[in-house]
Amino acid sequence: MTKNTSLNISRDLALNLEEIIGQCIAILGIRGSGKSNTAGVIFEELLKHNYPLTIVDIDGEYFGLKEHFEVLVIGSGGNVDIEIDLESAAEIAEISLEKSIPLVLDLSSYLAEERNEFLKNYLKRIWSLAGKLRRPYIIGIEESHEFIPQGIRTELKELIARIALRGRKRGLGTIIISQRSAKVEKDVLSQAGMLFLHRVVHEADMRVYCDLLPWRKSEVKEVITHLGTGDSVYVNGETILPIYIRERETFHAGFTPSLEVIATPQLKQVSQSIVAAIERAKKGKKHSQEGKLQQEIMRIKEKLAKKDQAIQQLEEVARTLGYIKFEVPSLVTAINPQKPAHSEKMANLTEEQHSAKQSLPTAVLYKSAISTAKPAVTDQNKTNRKQNGLPLAVMRHIESITTRVGRRDIPERRLLSFLINRAPAIYSAAQLAAWIGCAPEIIETIPLQNLLDLNLVVRERRIGGYHYRSNLKPFVLKEFSLYQPDIREKEFHLITVILKKNLTALA
Ligand SMILES: Nc1ncnc2c1ncn2[C@@H]1O[C@H](COP(=O)(O)OP(=O)(O)O)[C@@H](O)[C@H]1O
Ligand SMILES: [Mg+2]
């Protein structure tokens, strides 16, 4: 004996369950034309045959199905059986498909973004799992224009379109419901195998109907505008029928309010096994989340330990670098004034190091600094620092000034050395030019101007033009004042002495 699979949707229509499997069904029409009722009737018929499904309900209209059927309403809001965790979308999808549990996803209380994210994860899992299981399953989506909008590309839209257009092989069917026919992706509508076209009035929607029906435009208009609530044009391949859809047997929460007082029905208690299954999914999710968190903490701890180690190494490098910087020749001169030749050799070395510092990445610089560090020099520098008692930062600053001046052209270095050695004596440009052996105009335009800019030389207007002298003392006071109170007055003197030696040695 064959099982009766006929579906009671309309007295005007003979439709079997088999025709629904893997089908893409579109239910269109303006608000109040009866779309949700039609969808509800189809869901009732499917549920009578224990057909597993998910209804994506963004207006909280379908919980009334519980009146007659074992449907689990999940999501958020007053009518749900279980408040769900938005993160558990994939697990819930898995349970529904694997255990053939019909679900109403009441997403009415979520923000659009949360809703879309949930749905994306939910449908992704349905799609991949259906590929393995290949069982009949249907997904109904209310207000579809929100999810598969014409002309806009989203991941969720592509997923729904894929299920609608290519789900058949996997047993997946879709029911697309929308009051904005013109705003629903045309590719999906034109590929739908079954249409329930309720009344529309807007020109844009009428144009969509004209594309879907093999009639003249005037005929389409004539038929469609005369449809009453619950009336629709049914299209299935060659079959085109004006039909009246029966009213829902179960409570229709989306009914148009009337003066009649309609009590919310006693909803059938949902099966405890279903609730338990979803609760287990939630728990499993929590456990796996806890596990993931633990792993994440371990990973971060390891990362921190590595970072600590790296910081220690860098500190070591920084210390080593500090000692290397003591190799600055001028400082050696200051400490060992009897060895100027050695100091000059070191000056070149420092310049090389300096240019390397500018062109090499920091890591490489550190590496080369480590490899060139000589313990003997380091020890000596430690002693030197003790001898002059200046803070390391001050020593570095002296070094950087020396290096800066060391990079100037020879005439500048010679002029500076001349003025520093004879300070506070003052000289005219002509005197300086004679000493250097060049025209006064030339030294005034470039070399002296550069020394003025460095603030190492100052000029005064006197009879016979500008006169120049060393500004080393005021320069040191100004340049090193930021190290106070770490350095005292007598140490300013020491810095001036060291700089004097360094800079004159550059000539
Ligand atoms: N076939 C029908 N027979 C009787 N009443 C219907 C029928 N279809 C819809 N209605 C009623 O019309 C109103 C609007 O129907 P609904 O399905 O909510 O429309 P839509 O979803 O298109 O906005 C509701 O009160 C509903 O009960
Ligand atoms: Mg509706």
Side-chain angles (χ1 to χ4, degrees), residues 2-3 5 7 15-25 39 42-57 62 65 69-75 81-82 84-107 117-141 144 147-148 155-176 188 191-194 270-285 287-288:
T2 50
K3 202 180 157 194
T5 57
L7 304 175
L15 190 65
N16 284 325
L17 189 64
E18 291 76 16
E19 292 179 70
I20 297 278
I21 298 172
Q23 190 64 268
C24 173
I25 302 169
I42 297 173
F43 294 139
E44 284 176 353
E45 291 302 305
L46 293 174
L47 290 169
K48 276 179 197 166
H49 292 90
N50 299 316
Y51 201 103
L53 50 83
T54 290
I55 302 169
V56 179
D57 182 7
Y62 291 94
L65 289 168
F69 307 101
E70 286 218 341
V71 186
L72 190 63
V73 183
I74 61 167
D81 300 308
I82 303 175
I84 51 160
D85 195 346
L86 280 172
E87 270 90 64
S88 43
E91 279 81 357
I92 293 170
E94 211 171 283
I95 290 177
S96 174
L97 189 57
E98 272 182 348
K99 303 198 183 324
S100 296
I101 295 168
L103 286 186
V104 173
L105 289 182
D106 183 343
L107 306 178
E117 185 64 22
F118 178 89
L119 212 51
K120 193 176 75 191
N121 296 329
Y122 189 89
L123 295 176
K124 248 188 206 167
R125 185 60 65 93
I126 293 274
W127 175 258
S128 60
L129 199 58
K132 286 181 217 147
L133 301 176
R134 292 175 186 270
R135 291 187 194 149
Y137 192 89
I138 210 155
I139 301 151
I141 306 175
S144 286
F147 306 108
I148 45 169
E155 214 185 323
L156 178 58
K157 177 184 165 181
E158 281 175 15
L159 188 57
I160 296 174
R162 197 192 311 151
I163 296 173
L165 305 178
R166 293 173 25 217
R168 181 184 282 274
K169 273 191 198 156
R170 299 175 185 225
L172 288 180
T174 39
I175 302 181
I176 304 288
V188 175
Q191 297 288 312
M194 193 179 286
V270 93
S271 141
Q272 279 310 305
S273 68
I274 297 176
V275 177
I278 299 285
E279 290 289 3
R280 270 200 309 278
K282 278 169 76 179
K283 263 197 197 134
K285 178 85 192 176
H287 280 144
S288 74

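This is a predicted model, so every value here is computed, not measured. Just so you know, residue 1 is the first one in the sequence shown, and it goes up from there. All values below were derived from every heavy atom in this structure, side-chain atoms included, with hydrogens, water molecules and symmetry-related copies excluded.
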Rounded distance (nearest 0.5 Å) linking atom [atom1] of [X] with atom [atom2] of [Y]:
X	Y	atom1	atom2	value
Leu123	Ile163	CG	CD1	4.5 Å
Leu46	Leu17	CG	CG	6.5 Å
Ile92	Ile126	CD1	CD1	10.5 Å
Thr54	Phe43	OG1	CZ	9.5 Å
Ser88	Ile74	OG	CD1	7.5 Å
Leu119	Leu105	CG	CG	7.0 Å

Least distance between heavy atoms, [X] atom then [Y] atom:
X	Y	answer
Ala161	Ile148	N-CG2, 4.4 Å
Ile101	Pro52	N-CB, 4.5 Å
Leu129	Glu98	CD2-CG, 3.9 Å

Practice problem: Tell me, please, which residues at least two apart from Ser128 pass side-chain hydrogen bond (donor to acceptor under 3.5 Å, both in side chains). | Solution: none
Quiz prompt | side-chain hydrogen bond (donor to acceptor under 3.5 Å, both in side chains) involving Glu18 - partner list, sequence neighbours excluded | solution =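 Expected list: Thr5.
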Exercise. Please examine the side chains of Leu65 and Ile55, heavy atoms only from C-beta on, and report whether any two atoms are closer than 4.5 Å.
Key: yes
Residues which pass salt bridge (Lys or Arg N to Asp or Glu O under 4.0 Å) with [X], listed by chain and number, not counting sequence neighbours:
X	result
Glu158	Arg153
Lys120	Glu117, Glu155
Lys48	Glu45, Glu249
Arg170	none

Quiz prompt | Those residues that, when tested against Tyr122, pass ring-ring contact (aromatic ring centres under 6.0 Å, His included) (two or more places apart) | solution =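 Scan of Tyr122 (ring-ring contact (aromatic ring centres under 6.0 Å, His included), adjacent residues dropped) gives Phe118.
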Quiz prompt | Partners passing ring-ring contact (aromatic ring centres under 6.0 Å, His included) against Tyr137 (at least two apart in sequence or in another chain) | solution =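 Testing Tyr137 for ring-ring contact (aromatic ring centres under 6.0 Å, His included), a comparison that skips the adjacent residues, returns none.
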Quiz item: So Val188 and Thr174, side-chain contact (heavy atoms from CB on, under 4.5 Å) or not? Walk me through it.
Solution: CA-CA 10 Å; Val188 175; Thr174 39; over 6 Å; no
Quiz item: Picking from Leu47, Leu53, Leu103, what satisfies side-chain contact (heavy atoms from CB on, under 4.5 Å) with Val71?
Solution: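 The residue from Leu47, Leu53, Leu103 that satisfies side-chain contact (heavy atoms from CB on, under 4.5 Å) with Val71 turns out to be Leu47.
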Could you list the residues that satisfy side-chain contact (heavy atoms from CB on, under 4.5 Å) with [X], not counting sequence neighbours?
X	answer
Ala192	Cys24, Ala26, Leu195
Glu19	Leu15, Asn16, Asn236
Arg135	Ser100, Leu133
Arg162	Trp127, Leu159, Arg166

Heavy-atom donor-acceptor pair, [X] side chain to [Y] backbone, under 3.5 Å:
X	Y	answer
Arg134	Gly171	no
Asp81	Val73	yes
Asn121	Ala89	no

Exercise. Could you check Tyr62 against Asp106 for side-chain contact (heavy atoms from CB on, under 4.5 Å), going step by step and ending with a plain yes or no?
Key: CA-CA 8 Å; Tyr62 291 94; Asp106 183 343; over 6 Å; no
Exercise. Go through the steps for His49 and Leu7 under the test side-chain contact (heavy atoms from CB on, under 4.5 Å), then give the verdict.
Key: CA-CA 9 Å; His49 292 90; Leu7 304 175; 3.7 Å; yes
